[in-house]
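Each chain gets a letter, A, B and so on, in the order its sequence line appears, and its residues count up from 1. Since the structure is predicted, the reported quantities are computational estimates derived from the model, not experimental observations.
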Amino acid sequence: MNVEFTVNGTAHTLDVEPNTLLVDVLRSTLGLTGTHVGCDTSQCGACTVHLEGRAVKSCAVLACQVDGGTITTIEGIGTVDDLHPMQEAFRECHALQCGFCTPGMIMSAIDLVERGEAGDEGSVRAGLEGNICRCTGYHNIVRAVLHAAQRM
Amino acid sequence: MYRFNYHRPTSLEEAEQRLDAGEDALFLAGGQTLIPTLNLRLASPSDLIDLAGIDGLSGIDVADEMVRVGAMTRHAEVAASADVQASLPVLADLAGQIGDAQVRNRGTLGGSVANSDPAADYPAAVVALDATVHTTRRTIPGAEFFLSLFETALQPGEIITAVEFRVPKRAAYQKFPNPASRYAVVGVLVAEFDDGVRVGITGAAACAYRSDDLETALNASLAPDAVDAVDIDYDRFNSDLHASAEYRANLVRVMARRAVEALLREG
Ligand SMILES: Cc1cc2nc3c(=O)[nH]c(=O)nc-3n(C[C@H](O)[C@H](O)[C@H](O)COP(=O)(O)OP(=O)(O)OC[C@H]3O[C@@H](n4cnc5c(N)ncnc54)[C@H](O)[C@@H]3O)c2cc1C
Ligand code: FES
Ligand code: FES
């Protein structure tokens, strides 16, 4: 079936099978491989993107559900020369080791800050419950989000 | 994921017709239970009937000691609603404890209630807040809605349109979350109405239920100590890798006590 949606400002019309996940369209059809897949149970958050500005797990959304929708992925928030303040804060605070969870962390964190729910350490930790990191121990991630919240 | 047909009807009538016409069709709401289930190939519906295109299924109305939440209202909307926070703060609090932020941005009240997962949060509110479940065919009293594990009073093809909660004098929800999924290992909602105390328990048994024993004790004395005297019958409690039935019985007592303490703090 045909679906139309906007990804990072570009409109697409695609012919997708109903059983296609949004994350597979982003990665395989559009080549936006910054969005990762870390589990098959919708628990790790590596696949987090923004749908209408809100963080969602793109492995728990069907491509046909977002017909008419607006999506932002990690590729759409900043460039190498002009990083998003959240990306900059992750770099400065050393909030990543292998980097696998980072795109999802950053997309969740931006939504958290934009909702005004990143006021203190406790709310950042609670707000990132849907994102699992296997390397950093979260400490620097939380620092980075608090840091970015000051500048966004 | 197995193959299926996808439909997005724009009216409830069309949705019901689509469901009848499908060989083994299912409704789709927020997809936060259904899509992971399809991903794991634990279900193979012939058709998915997406309820997202139907107007009027989403939204919150506060009136006359009642809070009505449309079936397609997302958990995040209930948690952030100033109206719910003001009129029925326990519901906003409960919705804000469901899963994680991404799940709350997609998951819906109707999907959660229709699913009757034994560890889901909303069912505790449906039974304890004297709710009425509105469907395309009738209204169902909240306390009679959940029948068993993933089993409700809904008939095939019946769609939940809204749930209406009665506003208590005061209420509190306490949950012991599974550390990985945040689902309730046990959750207890205690609500004080003019006509008595209602206690809803989720996580412990096959589905959410009202606890007669705790209600009797708390109607005699609405105090944390009243909970300690109750012998929690765990004969039919779940025993699984997360917790034994005995441990769940203890959690019911601890969560009920904490809920009474929190409720009393409300004044
Ligand atoms: C990682 C993770 C953590 C979670 N943690 C929690 C938690 O802590 N607590 C909790 O309560 N839940 C939790 N959930 C579940 C979440 O709340 C789901 O959103 C909810 O259970 C189902 O709602 P949905 O809108 O996503 O429904 P869907 O997945 O779309 O549908 C679920 C079922 O309900 C049926 N259905 C949907 N809407 C209707 C309707 N209006 N009328 C009739 N039938 C309908 C569907 O046919 C389907 O069988 C979690 C989920 C995930 C992925
Ligand atoms: S890939 Fe793990 S939550 Fe989506
Ligand atoms: S940096 Fe390796 S998983 Fe988070």
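Only the side chain of B:Arg106 comes within contact range of chain A, with heavy atoms under 4.5 Å apart. For B:Ala80, no part sits under 4.5 Å from any heavy atom of chain A, backbone or side chain. Residue contact with chain A, scored on non-hydrogen atoms closer than 4.5 Å, involves the side chain of B:Leu48 exclusively. Contacts of B:Arg182 with chain A are made by side-chain atoms alone, with heavy-atom separations under 4.5 Å and no backbone atom involved. For B:Leu34, no part lies under 4.5 angstrom from a heavy atom of chain A.
Most heavy-atom pairs under 4.5 Å with chain B, from the set A:Leu112, A:Val56, A:Leu51, A:Thr41: that is A:Val56. Contact count against chain A (heavy-atom pairs under 4.5 Å) is highest for B:Leu28 among B:Val103, B:Asn5, B:Leu28.
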query = Run the side-chain hydrogen bond (donor to acceptor under 3.5 Å, both in side chains) check on B:Gln102 and A:Asp111 step by step: do they pass?
reply = CA-CA 10 Å; B:Gln102 295 98 312; A:Asp111 184 23; over 6 Å; no

ask   = Is there a side-chain hydrogen bond (donor to acceptor under 3.5 Å, both in side chains) between A:Ser42 and B:Gln32 once you walk through the steps?
value = CA-CA 8 Å; A:Ser42 301; B:Gln32 300 303 288; over 6 Å; no

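In this structure, B:Ser181 and A:Gln43 approach most closely via the heavy-atom pair CB-NE2, 3.8 Å. Taking each heavy atom of B:Tyr2 and A:Asn19 in turn, the nearest pair found is O-ND2, 3.3 Å. The minimum heavy-atom distance linking B:Asp100 with A:Lys57 is given by the pair OD2-NZ, 2.7 Å. Between A:Gln65 and B:Tyr6 the shortest heavy-atom distance is CA-OH, 3.7 Å.
Other residues, nucleotides and ligands place no more than 12 heavy atoms under 6.0 Å from the CZ atom of B:Arg3. Taking a 6.0 Å sphere around CZ of A:Arg134, one finds it holds 12 or fewer heavy atoms contributed by other residues, nucleotides or ligands.
Judged by distance alone, with hydrogens and angles left aside, the side-chain atoms of B:Asn105 form a donor-acceptor pair with the main-chain N or O of A:Ala55 at under 3.5 Å. Here the side chain of B:Arg8 pairs a donor or acceptor atom with the backbone of A:Cys64 at under 3.5 angstrom.
Contact of the B:Phe4 side chain with the A:Leu62 side chain is registered, since non-hydrogen atoms from C-beta on lie closer than 4.5 Å. Counting heavy atoms from C-beta outward, A:Leu21 and B:Met1 have side chains that approach closer than 4.5 Å.
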